[in-house]
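To keep things clear, I will list the structure first and then write my remarks on it.
Everything numeric in this text was worked out from a predicted model, so none of it was measured. Scope of the values below: all heavy atoms of this structure, side chains included, with no hydrogens, waters or symmetry mates. Sequential numbering from 1 along the given sequence is applied to the chain's residues.
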Amino acid sequence: MRATFFNILSFLLFISCTTARQQEGLAFCYYSRNQHNFKIDDLCIKYEFSSSEKAEDTVEEIMSQVGLTPNFIVKECANIGNAGAVIDRTDGIIDTVRYLLINRTFLEGINLKSKTNWAAVSVIAHEIAHHLNGHTLSDLGSRPSKELECDEFAGFILKKMGASLDETLAGIRSMPFTSRSETHPPTDQRISALEKGWKNAHLLDSRYQAIALSADYSSIAKKWFQKGFEITADANENLIDKIACYTKAIQYKENFPAAYRNRAKYYNELKLYKQALNDAQQAILFDSTLWSAYSEKGTAYLGLGYSRLAIREFSKAIEYKEVQDHFDFLARGTAFFILGDHANAKSDFQEALKLKPGWQIARNKLQELEFYTPSKN
């Protein structure tokens, strides 16, 4: 009888749910059909089976998609033909104990036949659905409607986990076609149920994406921007805090040129010139007239040793700003000085002093320039 039992299991690979030896309190949904007359010993000795980490990981991942914690025990049982959802209501046990029994060889085989690892995931998701839908609590046995519910759940879960529609259907398509029976729907209906579940998940994801795209987080972004603005920049730790605030602002509003510009400024002050350059470029991408972004870009180039590029960016900042900034002239003059263009350097240092009379830094630059400028004697 045992040989016949396992031969049937090998070929009839469809889930059914029945009550096994109710006098012993075992309710069992197993991966076969029309197999009502079996003994528990043909499956595995009660409680004497090993755990399966891989199956447990799969179960946890499946359950995480619906925000639930598994309330059943996952066990590997070599003597079970495929997979099963089991409830133990044995006398003496106050609460029912739920089990998910799996045969590793069977799951590996179905993956091999369908040429995708999603086939085994689909089987496990289907079995989990028997538990979640309460099918194992009933003594009525399997019905086509129950199987379709579980197939739809499996399709939904596989889409949430990242499977394509073809990958979701690969397992059932690799099985022999069967017609409707007392316990099972025909294969084409099961394929439709899997596809329905997958498409429902796809539609739900599309709705979430649409909501996310239409959501306006500008007010939150502005609050983080303001928080960063209010932090006093008198130490490196404060600069890091300011950068963190502008980073949060950008997370809530990606097209926030002022936040990129401000973050670039404090990256420059920390001498993180590459990061500053990236942020300045991003700010300009969103607002090509933001003169201060060109200033930060020029500062980053100057820090990286690209004086000619720095001159180009400071010139743009000077061009775009209605009221000239003394810093841009000082910085551009410094770049000219590095390149040995003392005439343009002197002109910019003098312009900086005009905009900010008595500025000692500009005076020092002019003095330094005179030291390097050859005398005309």
List for me each residue that meets ring pair (Phe, Tyr, Trp, His ring centres under 6.0 Å) alongside [X], sequence neighbours excluded, and say none if there are none.
| X | value |
| --- | --- |
| Trp198 | His202 |
| Tyr273 | none |
| Phe229 | none |

Within residues 309-318 or reaching into it, pairs that qualify as side-chain hydrogen bond (donor to acceptor under 3.5 Å, both in side chains) - sequence neighbours excluded: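 side-chain hydrogen bond (donor to acceptor under 3.5 Å, both in side chains) check on residues 309-318 returns Ser315-Arg332.
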NZ (Lys346) with more than 12 external heavy atoms under 6.0 Å: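 No, the 6.0 Å shell around NZ holds no more than 12 heavy atoms from other groups.
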Distance-only polar pair, side chains of [X] and [Y], donor-acceptor under 3.5 Å:
| X | Y | answer |
| --- | --- | --- |
| Tyr246 | Asn262 | yes |
| Asn278 | Gln282 | no |
| Asp328 | Ser295 | yes |

Electrostatic pair Arg173:Asp166 at N-O distance under 4.0 angstrom: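 Yes, this pair counts.
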Spacing of His126 atom NE2 and Leu158 atom CG [to the nearest 0.5 Å]: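 Those atoms lie 12.5 Å apart.
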From CD1 (Ile172) to CG (Asp151), nearest 0.5 Å: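 It comes to 6.0 Å.
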Derivation of the side-chain contact (heavy atoms from CB on, under 4.5 Å) call for Lys222 and Ser219: CA-CA 5 Å; Lys222 289 177 181 177; Ser219 60; 5.7 Å; no
Counting only N and O atoms by type, is there a donor-acceptor contact under 3.5 Å from the side chain of [X] to the main-chain atoms of [Y]?
| X | Y | result |
| --- | --- | --- |
| Lys242 | Ile231 | yes |
| Ser122 | Trp118 | no |
| Lys196 | Glu152 | no |

Derivation and outcome, ring pair (Phe, Tyr, Trp, His ring centres under 6.0 Å), residues Phe256 and Phe225: CA-CA 10 Å; Phe256 200 160; Phe225 183 90; 5.2 Å; yes
is_close_aromatic(His342, Phe337), centroid dist under 6.0 Å: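 Between His342 and Phe337, the centre distance is under 6.0 Å.
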Linked hydrophobic residues, Leu203 as query - side chain contacts closer than 4.5 Å: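 Once heavy-atom contacts under 4.5 Å are chained together, Leu203 still belongs with nothing else.
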Qualifying ring pair (Phe, Tyr, Trp, His ring centres under 6.0 Å) pairs, either residue in residues 296-324, two or more places apart: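 Listed by first then second residue: Tyr294-Tyr320.
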